[in-house]
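Only this structure's heavy atoms are used, side chains among them; waters, hydrogens and symmetry mates stay out.
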Amino acid sequence: LLSPGKILVAVNRHIEHELACAEAYGVGAEIQTFSLPDMLATDYADALAAMAERVKRLEGPIGVHGPFIDTAHASTDPEIVRVCRMRYLAALELAQTLQARYVLFHSQYNTMLKLETYPDMYHEASLRFWPEILGAAQERGLCIYIENMFDENPAPMRRLADAMDSPRFKLCLDLAHSQIYSDRGIAEWIAVYGKHLAHVHMNDTRGTYDDHLGLGQGSLDIRSAIKTLESSGLPITYALETNTNTQTSLEFLGISKRH
């Protein structure tokens with residue numbers, strides 16, 4: 001279904017298992033370990049140095065998932081924005097240490113705010129926030145990817161990517177999130193994101209919760225989604241967020257062990 005050069009394994013809480021899968025199957029890794037508050041609140045210098053050495057053994061691309069818990073960059077509270085900025089800039093430094101290609105952040109679009117003015121408020125706040133972060137990413141040779149989380153509609157992120165208008169500011173489509181939090185089909189998300197779509201998060205879900213199941217273990221039509229994504233002709237990469245089901249998910253994609 002996909003070539004190994006397009007695939008990354010998300011490395012989160014099952015670090016050794018996920019890194020071992022990435023190495024054995026000749027794919028890359030999206031390091032998510034340093035996105036979590038329990039890690040960010042510690043001195044993680046030694047863990048980062050060890051990870052930087054470990055990922056050198058991988059054949060595929062390296063990416064980093066940035067902090068996402070309570071990082072509301074579009075907040076009207078300047079202290080919240082300050083902390084968000086601090087966390088995001090630290091993620092860029094971390095990514096540079098890991099020789100990553102990109103850092104991924106959540107959109108943090110608040111669908112619970114049923115205000116007619118919210119879409120414009122979010123958009124304007126984002127345009128105040130992201131240029132500095134993007135500039136810092138460019139200095140480090142990094143791209144920024146924005147992932148849908150609670151988003152119900154792909155249009156606000158398309159609007160933001162259009163306005164940022166940078167080859168280093170792209171969008172990530174999380175297939176499961178798009179079906180859990182939205183009533184729009186995957187094909188519509190792909191079409192609306194259009195040329196800005198650069199990365200995809202893949203796992204399966206039973207349809208209600210963010211289960212992070214292995215591919216083919218839930219209700220998503222993964223094969224159809226991949227067919228639509230690949231027919232776009234875009235240079236998309238794919239990260240497997242499948243935890244202990246990573247090996248079976250790689251095999252679902254037709255990837256064979258190399259080591």
Under 3.5 Å, side-chain donor or acceptor atoms of residues 38-48 against the rest of the protein: list the pairs with distances, not counting sequence neighbours.
| unit_1 | atom_1 | unit_2 | atom_2 | d |
| --- | --- | --- | --- | --- |
| T42 | OG1 | M39 | O | 2.7 |
| D43 | OD1 | A45 | N | 3.2 |

- Message: Applying side chain to side chain donor-acceptor pair (under 3.5 Å) to T205 and D211, what does each step give before you reach the verdict?
- Response: CA-CA 5 Å; T205 171; D211 302 305; 3.3 Å; yes

Considering all heavy atoms, the nearest [X]-[Y] contact:
X    : Y    : answer
A91  : P67  : CB-CD, 3.8 Å
L92  : A136 : CD1-CB, 3.6 Å
L234 : G194 : CD1-O, 3.2 Å

- Determine which pairs satisfy ring-ring contact (aromatic ring centres under 6.0 Å, His included) with at least one residue from residues 6-30, sequence neighbours left out, and list them in order. none

- Item | Side chain D151, main chain N153, donor-acceptor under 3.5 Å | no

- Query: Can you name the residues that form a ring pair (Phe, Tyr, Trp, His ring centres under 6.0 Å) with Y122, not counting sequence neighbours?
  - Reply: H73, Y109

- Message: If the test is salt bridge (charged side-chain N to carboxylate O under 4.0 Å, His left out), which one of R258, K257, R54 qualifies with E23?
- Response: R54

[X] side chain to [Y] side chain, donor-acceptor N/O pair below 3.5 angstrom:
X    : Y    : result
H177 : D210 : yes
H65  : E30  : no
S178 : S182 : no

- Query: Quick one: does N12's side chain get under 4.5 Å of L36's, heavy atoms only?
  - Reply: yes

- So do L213 and R206 actually touch side chain to side chain, heavy atoms under 4.5 Å? yes

- Query: Checking ring pair (Phe, Tyr, Trp, His ring centres under 6.0 Å) for the pair F129/Y88: CA distance, chi angles, key distance, verdict?
  - Reply: CA-CA 11 Å; F129 180 84; Y88 284 10; 5.7 Å; yes

- List the steps, then state whether side chain to side chain donor-acceptor pair (under 3.5 Å) holds for N148 with S107. CA-CA 6 Å; N148 60 304; S107 72; over 6 Å; no

- Message: Could you check whether H199 and Y102 have their ring centres less than 6.0 Å apart?
- Response: yes

